[in-house]
Amino acid sequence: MSPNVDQFFEERRSKSRKLAEMGVDPCGAKFVTSSDLAGAREKAEAASIAPASESEISVRLAGRIVAVRAFGKAAFVVLRDRSGDIQAYLRADRLGEAGYAVVKLLDLGDFVGVEGTLGRTKTNEITVFAKSLTFLTKALRPLPEKFHGLSDTDTRFRQRYLDLVANPEVRERFVKRSRLIASLRRRLEERGFIEVETPMMQAIPGGATARPFITHHNALDIDLYMRISPELYLKRLLVGGLDRVFEIGRNFRNEGLSPRHNPEFTMMELYQAYGNLDDMMEITESVVSGIAGELGGGEVQFGGKPVKLASPWPRLDYLSLLAGKAGVDPASEESLRSAAKKAGVDTDGLDKWALMDEVFSNYVEPGLWDACFVCGAPIELTPLCKARPDDPTRAERFEAYAAGMELANAYTELNDPLEQRRRFEEQAGGSSAAETGGKLDEDFLTALEHGMPPAGGLGIGIDRLAMIVLGAETIREVVLFPLLRPRETGAATAETPRSN
RNA sequence: GAGGGCGUAGCUCAGCCUGGUAGAGCAACGGCUUUUUAAGCCGUGGGCCGAGGGUUCGAAUCCCUCCGCCCUCACCA
């Protein structure tokens, strides 16, 4: 620890000891409040208090001190909680000698409770005129600077609590993410879906193709995989008669990090028996545009450019987009290969379908700015999806895009157990299955053989939805604790102050 | 994994190109101050300049290696 941090720490410890000597617990106790800070503000506004006057409205409020402006025998402190900030005015003549002695020992970062009346100062600032101050908790380390806040991304992500305290817009963003998920849950429940939880540790990681994380269960002495998708378990529930199910939870993929990828990310997946792709479109449009309206006030900006999320979303054709936006002939492997090469893709060993996917994500995806559905991707890429009745080479599938990112993916689900087995076997021959030994999920196939009703299925990437709705350009701004390389243990030890 | 950028006080940053031994604001400490809004005024302390090595009489500054973060690419149904 640097001498400077040591100095802060020792000074604050000494104040903490002084408080204890005065009979004040430096790590206080329950404090009943009359409302949060924003609630007190609203009350004050509603009472239309004149400048430089006090009302008779009493409040009890608590928060962390984020600013102190002290005079000899009076001080203004700004309190902050989850809802916002409010100023409190502490005067020696109102708090008494003992009370004001505590004020003298306050530091930025301490938690306090105040009881007093709401009013406005002569500068018209809503203020709690304190009758008493209750010390709640001492902060032994200093907070980041009050004006510029905290901007170093390393510290912001590693010590997110500092980011949340110092940067109100960050706190607000995560509150909104929580509201987003609550709203999504409510909207699905209104449609008769029930929320379920399926295994995150799976013996065979299915439902997608991605490299899994491997873990080990000691008692059974078996390797397990962190799920890459809940799909195969949710479908088992359709077999079991839970006709409308959804799950909101983490998926894990052992792949690279990027502004759009975190190895653990949050997905919403739902399955609706007796439905199909059209139902999934309706749900996606309605839920996403509804949430955006609720949280973003209808106006959503990403990277300074507006993104249109209001329904209806245009239905675009996968192959037409390839021809139109990428200028390739989707039927020609050579045309696809040369386009992929031009985009800097290493095309060795890629088959026609993989090339198509590369061309799509390099040439078409970045330009899909306003929300839209891309329909009819080739069946080869989607072993869990039904083929189109009119064109068996294409999947009855859509992917929803907005702000140049894939936001959702939906199928009319394949419920033919024999066809499903054939597709799995085909896939097991491919290279992507090597990681998990190419094992077929026989238990899932058995479930299908018992009969899965025709169904539509939908997955929405919640982190990306949050990014778009909240205008965050990197996933790290919507994930509280994004994955970072752990610090050296030596450094971590040095952070811990020695006791005495 | 490759390329580029960044790393200086608790925080936000200057200094680096053109080497001469470390600066500002906020925060902290002492003093004055009972209506401030990044409060003010006077004074004080605080840095192995990410780590290690090299060049040099002399390195925050130039060179090399390593570590961490960010960006782009690659990996990634």
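To find a chain, count down the sequence lines: A is the first, B the second, and so on, and within it residues start at 1.
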ask   = In Å, rounded to the nearest 0.5 Å, how long is the span from CD1 of A:I49 to NZ of A:K43?
value = 11.0 Å
Side chains of [X] and [Y]: does their closest heavy-atom pair fall under 4.5 Å?
X: A:V66; Y: A:K146; answer: no
X: A:R464; Y: A:F265; answer: no
X: A:T474; Y: A:R476; answer: yes

key: Donor on one side chain, acceptor on other, A:T155 and A:D152, under 3.5 Å   = yes
message = Hydrogens and angles aside, do A:Q159 and A:Y161 bring a side-chain donor and acceptor to less than 3.5 Å of each other?
response = yes
Complement of [N], any strand, by Watson-Crick or G-U distances under 3.5 angstrom:
N: B:rC6; value: B:rG68
N: B:rU34; value: none
N: B:rA24; value: B:rU12
N: B:rG43; value: B:rC29
N: B:rA74; value: none

request  = Could you check A:E419 against A:R423 for salt bridge (charged side-chain N to carboxylate O under 4.0 Å, His left out), going step by step and ending with a plain yes or no?
outcome  = CA-CA 6 Å; A:E419 171 69 2; A:R423 299 249 206 113; 2.9 Å; yes
Using the [atom1] atom as the point on both nucleotides, what is the distance between [M] and [N], in whole Å?
N: B:rA59; M: B:rA22; atom1: C1'; answer: 13 Å
N: B:rG68; M: B:rA51; atom1: C1'; answer: 11 Å
N: B:rC66; M: B:rA28; atom1: C1'; answer: 35 Å
N: B:rG15; M: B:rG20; atom1: C1'; answer: 14 Å
N: B:rC76; M: B:rG4; atom1: P; answer: 24 Å
N: B:rC70; M: B:rU12; atom1: P; answer: 15 Å
N: B:rA14; M: B:rU35; atom1: P; answer: 38 Å
N: B:rU72; M: B:rU55; atom1: P; answer: 39 Å

Compare the minimum distances between each of [options] and the side chain of [X], then state the nucleotide with the smallest one.
X: A:R211; options: B:rC75, B:rC26, B:rG68; value: B:rC75
X: A:L150; options: B:rU35, B:rU12, B:rU34; value: B:rU12
X: A:H148; options: B:rU12, B:rC70, B:rG68; value: B:rU12
X: A:D154; options: B:rU12, B:rU34, B:rG68; value: B:rG68
X: A:D107; options: B:rC71, B:rU36, B:rA28; value: B:rA28
X: A:F129; options: B:rC76, B:rU35, B:rC71; value: B:rU35
X: A:R91; options: B:rA77, B:rC76, B:rU34; value: B:rU34
X: A:Y89; options: B:rG10, B:rC71, B:rU35; value: B:rU35
X: A:L484; options: B:rC70, B:rA39, B:rC29; value: B:rC70

Donor-acceptor under 3.5 Å ([X] side chain, [Y] main chain):
X: A:N262; Y: A:L483; answer: yes
X: A:D81; Y: A:G84; answer: yes
X: A:Q420; Y: A:P383; answer: yes

Can you measure [X] atom [atom1] to [N] atom [atom2] for me and round it to whole angstrom units?
X: A:E477; N: B:rC69; atom1: CD; atom2: C1'; result: 14 Å
X: A:L483; N: B:rC69; atom1: CG; atom2: C1'; result: 13 Å
X: A:I126; N: B:rU35; atom1: CD1; atom2: C1'; result: 16 Å
X: A:E10; N: B:rA27; atom1: CD; atom2: P; result: 22 Å
X: A:E125; N: B:rU35; atom1: CD; atom2: C1'; result: 11 Å
X: A:F147; N: B:rC13; atom1: CZ; atom2: P; result: 12 Å
X: A:D163; N: B:rC70; atom1: CG; atom2: P; result: 13 Å
X: A:E380; N: B:rA77; atom1: CD; atom2: P; result: 16 Å

Any side-chain N or O of [X] under 4.0 Å from OP1/OP2 of [N]?
X: A:R253; N: B:rA77; value: no
X: A:R69; N: B:rU36; value: no
X: A:K15; N: B:rC29; value: yes

With heavy atoms under 4.0 Å as the rule, sort [X] into base, sugar-phosphate or nothing.
X: A:E11; result: sugar-phosphate
X: A:N254; result: nothing
X: A:P383; result: base
X: A:A70; result: base
X: A:R156; result: nothing
X: A:L108; result: sugar-phosphate

request  = Answer yes or no on whether A:R236 is positioned over the face of A:Y233, meaning its NZ or CZ is under 6.0 Å from the six-membered ring centre and within 45° of the axis.
outcome  = yes
key: Salt bridge A:K235-A:D441, side-chain N to carboxylate O under 4.0 Å   = no
Short N-O contact, A:R260 and A:E365, less than 4.0 angstrom = no
request  = Identify, between A:K104 and A:P142, the residue whose nearest nucleotide on RNA chain B lies closer to the 5' end.
outcome  = A:P142
ask   = When the nearest nucleotide of RNA chain B is assigned to A:K122 and to A:S151 on a heavy-atom basis, which residue is associated with the more 5' position?
value = A:S151
Base of B:rU34 and ring of A:F71 stacked, centres under 5.5 Å, planes under 30° = no
Set out, line by line, the N/O atom pairs under 3.5 Å between protein and nucleotides 42-45 of chain B.
unit_1: B:rG45; atom_1: N2; unit_2: A:Q7; atom_2: OE1; d: 3.4

task = May I ask you to verify whether the side chain of A:Q87 and the base of B:rU36 hold a donor-acceptor pair under 3.5 Å?
result = yes
query = So does A:T121 reach the base of B:rU36 with its side chain, donor to acceptor, closer than 3.5 Å?
reply = yes
ask   = Tell me, which of residues 164-173 of chain A have any heavy atom that sits under 4.0 Å from an atom in RNA chain B?
value = none
message = Under the rule for ring pair (Phe, Tyr, Trp, His ring centres under 6.0 Å), what residues qualify as partners of A:F252, not counting sequence neighbours?
response = none
